[in-house]
*Asks:* 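Mind looking over this structure? Questions follow.
Throughout, protein chains are lettered first and strands after them, A, B, ... in sequence-line order, and every chain is numbered starting at 1.
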Amino acid sequence: MLEAIHILSTMTSTMTLGAALTDGSFPWLSVVTFAPLLGVLALLLIPREQVSALRNTALIFSILVFGLSLGILLNFDPNPTEAAGAFTFQMMEGPVDWIASVGISYAMGIDGISLWLVMMTTFLMPITIFSTYSAVNKHVKEYMIALLFIETAMLGTFMAVDVFLFYIFWEMVLIPMYLIIGIWGGEMRIRAAVKFFIFTMVGSLLMLIAILYVYFQTGQTGEHSFLLADFMAVDLSFKEQFFLFAAFALAFAIKVPLFPVHTWLPLAHVQAPTAGSVVLAAVLLKMGTYGLLRFAIPLFPDAAKTFAPYIAVMSVIGIIYAALVAMVQDDMKKVIAYSSVAHLGFCVLGLVAMNPIGVAGSIYVMIAHGIATGGLFLCVGILKERRNTMEIKEYGGISQQMPIFAGFFGLIMFASVGLPGLNGFVGEFMAMLGASNSNFLWFKDPLVFVRGAEGFSLTASPVFPLPAGEQAGPELTALIFAVLAASGVIFAAGYLLWMFRRVMFGPLENAKNKVLNDLNAREIAYLVPIALMVIFMGVYPKFFLSRMDNSIDQFLRYMDSNVSATGSVRTEKTDQSEWVPEGTILDNREDGR
Amino acid sequence: MLNALLMSQFSALAMLRPPTGVEFTAIIPAGIAAFTALLVILLDTFHRGDSGRGYLANVGSIGLGVVILSAWMLWDKSLDGAAFHGMLYLDKFTLIFAVMVSAAGILAMQMSPAYLKSHLMDRSEFYGLLLFSISGAIILAGSADLLTFFLGFEVMSIPVYCIAGFLRKDSRSAEAAMKYFFLGAFSAALMLYGIALIYGMTGTTNLEYVSQSLATTLMDPASATSSITIIAFGVLLILSGLAFKISSVPFHLWTPDVYTGAPTTGTGFMATAVKAGGFAALLRLFLVGFQIPELQGGFFGYGWVDVLLFVAAASMILGNLVAITQNNVKRMLAYSSIAHAGYILLGFVAASARPEFFLFNDTVIFYLIAYTFMTVGAFGVLAWFGRRGEAAETYDDLAGLGLKYPLMGLCMGIFMFSSAGIPPAAGFLGKLYLFRAAVDVGASTGEFIFIAMAILGVLTSVAGVFYYLRVLVYMYMKEPTREIRPVATRGATYAIVVCAIVTLYLGVMPARVISWGNQAMVDFKGAPAASHKVIEEGKQRLEQLEARARE
């Protein structure tokens with residue numbers, strides 16, 4: 001009798017849990033975010049001598065987090081009932097009072113923009129941790145703790161819906177990354193770590209003041225709040241928007257990194273250990289672009305319109321400049337680091353194009369770049385483990401010695417170059433297409449400081465006063481951006497292929513390279529998921545795009561109604577066939593001939 | 001008018017009655033601390049043999065634990081007026097400072113036994129002096145009269161002079177004690193002169209009467225012009241005495257030398273409890289006694305608010321910039337404590353600029369609590385890493401220790417990230433809370449100087465990031481240069497871990513402590529009449545929040 005009751009009660013409890021998993025009452029987001037911290041607790045209990053137990057525990061927890069994050073993906077509704085404002089968050093948790101007297105609350109949510117960033121993070125973390133099994137031998141415990149800690153912070157950054165919560169997670173990311181670079185990095189690791197930290201900190205503190213300023217404009221009744229929705233409701237004058245956007249955009253531009261503030265990145269990448277580079281390139285940089293998309297642009301739409309062409313200029317300069325610099329590097333990691341700057345340039349260009357294809361392409365670049373560049377860093381890390389050097393001239397003819405490695409490296413490298421059929425192509429092509437027919441990237445009446453009777457003031461005034469007929473219209477400007485960016489793709493093919501040829505092909509001359517072993521089972525095991533994902537994202541982008549379409553559409557409609565220069569935002573919804581070239585073959589087939 | 005006021009006071013004095021029983025609760029917290037100090041001295045006379053005196057630290061800690069317990073029991077029993085004919089307040093404000101300094105005392109005491117032993121100075125006086133100093137700080141926080149204020153001030157300060165020179169065989173410690181004592185005595189004398197001037201102008205030492213009398217004097221243009229100089233001079237002298245105690249800029253010169261020379265755990269105590277006591281006195285004196293528009297000034301109306309604005313800005317800039325160039329961690333922490341004094345002053349200045357911002361003073365309380373735990377902890381780690389007869393002082397001494405002693409490394413990491421103001425540690429929230437108050441005051445009064453000060457605070461704290469991170473660079477990213485045998489008892493380790501846990505707790509779940517700060521300001525006795533309206537609103541808001549939390 002007792003047993004029967006017991007079984008019944010467990011059955012009902014599992015059934016209610018089972019129902020809860022899908023009906024929205026299970027806190028998927030918080031569970032996924034904080035599950036890595038459970039892993040940290042488990043690691044703390046394991047003695048530091050048991051290195052393999054530490055590694056396996058960290059790996060198991062990161063796989064567990066990936067498994068849990070599939071729950072988010074399965075519960076995600078691609079066509080949700082639309083909420084007011086710029087974003088429709090699903091699976092909302094909270095807002096729960098956190099520090100009630102200041103109006104800080106705990107609120108998590110997810111939409112089509114953050115979904116894939118979250119998935120990419122959880123997908124890459126087990127791979128990253130698996131790759132450190134032989135690379136890191138000192139202070140393994142601390143390393144694993146740092147990696148799991150940073151996973152929590154990154155996931156929280158992408159899911160926070162309260163601006164203060166976002167800021168906390170955003171800053172929390174710095175601590176483990178600083179330690180990862182500084183403790184396990186290369187020779188100049190201390191300089192790299194401090195530079196990374198100070199650069200990011202300067203930007204984020206100015207953003208903090210800007211956040212506080214907006215915070216005081218919320219809730220005119222005296223109850224201020226940090227919720228994103230309340231921030232959106234604030235009505236700001238153009239002058240306020242101008243400075244607030246500048247503060248936000250500086251913080252995000254440093255993180256991306258955009259052209260003039262990118263100098264911390266190559267140093268940090270080269271000095272960081274492999275896992276650090278992967279996390280840095282794949283996820284940390286995306287926090288910058290994500291921040292632009294989620295906070296800076298929708299909070300200050302008019303200022304975004306003013307700044308957009310300048311941001312586009314910086315990203316195009318970044319694309320070309322980084323490609324040229326990458327060509328002359330002797331160090332493989334530096335080549336990949338500069339290629340990151342270039343790829344992120346496409347991402348930002350697509351973002352400020354402010355039309356469905358551009359923004360979708362931008363988000364796609366974020367994910368694709370995360371997977372492909374993460375993979376490239378892993379491949380280079382494999383070489384580094386064997387030879388302990390990154391110098392290109394130390395290598396040559398490696399493909400004879402390591403054929404399987406050559407296959408993986410080549411595939412991922414082509415994905416990064418942007419070969420059609422692999423994931424790099426889709427996003428970059430869409431971003432360029434978006435930029436080429438954007439109405440947003442137009443230097444009409446740039447703002448300048450003009451000395452008037454009452455001191456300096458911001459005034460719209462053309463820098464090159466041309467007659468109206470001779471001003472380049474939005475179409476031409478956008479096209480120039482797209483054409484310049486496209487030349488960056490050619491450069492990318494140049495530097496990556498050239499690096500690949502010098503490392504993998506040619507005569508096998510260096511005696512030290514003649515004894516290299518090909519990939520072992522562990523290395524194959526963590527490169528296979530990346531290779532599969534690279535191909536899958538390349539041939540079936542619809543799987544990813546269909547889940548972000550609604551969010552992008554809503555975001556653009558919000559921008560359209562909030563930017564005072566009407567017609568600058570293009571909001572026609574894509575059905576993903578728009579960017580498929582129309583040709584006779586397709587047309588003929590549809591005619592049924 | 002003035003005469004009538006004085007007469008009313010004298011008639012009150014004339015009807016001297018013995019204090020009622022309930023008034024004696026006002027001296028309970030300070031009394032317990034002083035009693036424990038006597039107990040420690042008494043116990044020591046029975047000490048025989050060479051066994052260590054670490055147990056006296058436990059006796060002292062238990063005594064301070066009872067102080068905290070008494071604060072908890074008296075929390076809702078604050079007295080309406082000042083006890084003992086206008087001498088001592090007992091309100092939540094006093095109690096929260098009693099808890100703060102007692103906690104600092106417990107932690108410093110628990111960190112001390114092994115440290116003192118390794119310096120061959122294992123003597124009971126250290127604990128007795130700490131306890132006396134704590135009782136002084138508690139009296140200071142509750143002072144309702146310039147005389148109790150001065151009494152508390154000296155009872156707090158004199159033991160600390162002795163603590164600074166406690167390692168008497170060490171010439172630097174002797175130097176620290178001399179320097180601290182002479183400068184401290186000088187500043188106390190200045191302050192006493194200021195008190196005399198104020199007494200001369202008002203004829204009373206009771207703060208509330210001082211406030212009324214000053215307001216009356218300054219309201220009348222004729223008497224105002226004749227007396228404003230002397231009054232302002234008196235206020236300025238009192239201000240400089242307090243600025244010395246909280247080590248803010250023009251009066252900071254003693255700080256680096258004294259902090260370096262004093263025994264490390266004692267430094268941790270004087271950097272936190274004495275500073276907290278100084279701020280408690282600052283709040284009491286200036287909010288109760290001198291909250292008068294003519295004296296306050298404001299945005300460059302040349303009152304004490306403007307003076308403090310300058311002091312805060314100078315402390316933030318100088319403290320942070322000079323700290324960068326230090327090679328000695330204790331000196332670095334000394335300069336950083338000057339910078340922290342600047343941040344806290346910014347909060348106080350913003351809150352006291354107008355009566356309607358009165359409640360923003362809770363930012364001062366919250367920051368002080370956060371600062372107490374992270375600073376005592378940091379000094380504790382330095383003491384922990386000492387070697388027989390010498391403490392870890394320079395950056396090189398710390399090289400490589402973070403990974404060798406992971407627990408201490410982690411704790412020091414938390415303290416440094418917290419001091420640098422990086423989430424999720426307490427220091428970040430404290431700074432945010434301060435800057436929020438400053439930005440709010442600036443936005444609602446339209447006085448840009450407060451927003452500018454917040455931006456200055458943010459920029460200088462970027463400089464702060466640099467030198468705090470340097471500690472971690474040495475601890476984690478350099479190879480060890482020397483062997484150490486940690487001079488630490490289990491109590492020291494626990495105390496440091498507790499500091500780290502509290503620092504994190506305050507950063508992640510600060511709501512409760514913030515609400516304590518709010519309650520302390522709402523319950524602040526002797527608040528000026530102009531602030532009563534905000535205080536009533538604050539009370540209602542607290543009740544609302546409690547109701548919301550209960551749901």
*Asks:* Can you measure from CZ (Arg470(B)) to CD1 (Ile190(A)) and round to the nearest 0.5 angstrom?
*Replies:* 10.5 Å

*Asks:* Judged by atom type as modelled, is there a donor-acceptor pair below 3.5 Å linking the side chain of Arg189(A) to the main-chain atoms of Met477(B)?
*Replies:* yes

*Asks:* Run the side chain to side chain contact (heavy atoms under 4.5 Å, CB included) check on Leu432(B) and Leu212(A) step by step: do they pass?
*Replies:* CA-CA 9 Å; Leu432(B) 178 94; Leu212(A) 281 180; 4.2 Å; yes

*Asks:* Mind ranking Leu469(B), Val473(B), Val465(B) by heavy-atom pairs under 4.5 Å with chain A and telling me who comes out on top?
*Replies:* Leu469(B)

*Asks:* Looking at Phe34(A), I want to see if its CZ is surrounded by more than 12 non-hydrogen atoms of other residues, nucleotides or ligands under 6.0 Å.
*Replies:* yes

*Asks:* What's the spacing between Phe435(B) CZ and Leu208(A) CG if we round to 0.5 Å?
*Replies:* 8.5 Å

*Asks:* Classify the ring geometry of Tyr178(A) against Phe417(B): parallel below 30°, tilted from 30° to 60°, perpendicular beyond 60°.
*Replies:* perpendicular

*Asks:* Work out which heavy atom in Met172(A) is nearest to a heavy atom in Pro423(B); give both atom names and the distance.
*Replies:* CG-O, 3.9 Å

*Asks:* Locate the shortest heavy-atom distance separating Arg48(A) from Pro406(B); write the atom from each residue and the value.
*Replies:* NH2-CG, 3.1 Å

*Asks:* Give the member of Leu206(A), Ile175(A), Ile104(A), Leu174(A) that has the highest number of heavy-atom pairs under 4.5 Å with chain B.
*Replies:* Ile175(A)

*Asks:* Side chains of Glu142(A) and Tyr476(B): closer than 4.5 Å at any heavy-atom pair?
*Replies:* no

*Asks:* Do the two ring centres, one from Phe197(A) and one from Tyr468(B), sit under 6.0 Å apart?
*Replies:* no

*Asks:* Given the rule in the side chain to side chain contact (heavy atoms under 4.5 Å, CB included) test, do Ile99(A) and Leu429(B) qualify, once you have shown the distances and angles that lead to the verdict?
*Replies:* CA-CA 10 Å; Ile99(A) 309 170; Leu429(B) 219 82; 3.8 Å; yes

*Asks:* Check whether any side-chain N or O of Trp98(A) sits under 3.5 Å from a backbone N or O of Val508(B) as a donor-acceptor pair, and report yes or no.
*Replies:* yes

*Asks:* Among the options Ile422(B), Ile514(B), Val439(B), Ile455(B), pick out the one with the most heavy-atom pairs lying under 4.5 Å from chain A.
*Replies:* Ile422(B)

*Asks:* Is it true that, when you exclude Lys404(B) itself, more than 12 heavy atoms of the residues, nucleotides or ligands shown sit nearer than 6.0 Å to its NZ?
*Replies:* yes

*Asks:* Find out whether Glu171(A) and Pro424(B) are in side-chain contact, i.e. whether some heavy atom of one side chain is under 4.5 Å from a heavy atom of the other.
*Replies:* no

*Asks:* Specify which of Val462(B), Val458(B), Leu403(B), Leu410(B) makes the most heavy-atom pairs with chain A at under 4.5 Å.
*Replies:* Leu403(B)

*Asks:* Going from CG on Leu205(A) to NZ on Lys431(B), what distance comes out if it is rounded to the nearest 0.5 angstrom?
*Replies:* 9.0 Å

*Asks:* Side chain to side chain contact (heavy atoms under 4.5 Å, CB included), that's the test. Do Asp440(B) and Tyr215(A) meet it? Break it down for me.
*Replies:* CA-CA 10 Å; Asp440(B) 197 3; Tyr215(A) 161 76; over 6 Å; no

*Asks:* Heavy-atom distance under 4.5 Å to chain A: side chain of Ile451(B), backbone, both or neither?
*Replies:* neither

*Asks:* Which answer fits Ile209(A), side chain, backbone, both or neither, if we ask what part of it has an atom under 4.5 Å from a heavy atom of chain B?
*Replies:* side chain

*Asks:* Side chain from CB out, backbone as N, CA, C, O: work out which of these in Ile198(A) comes under 4.5 Å of a heavy atom of chain B, or both, or neither.
*Replies:* side chain

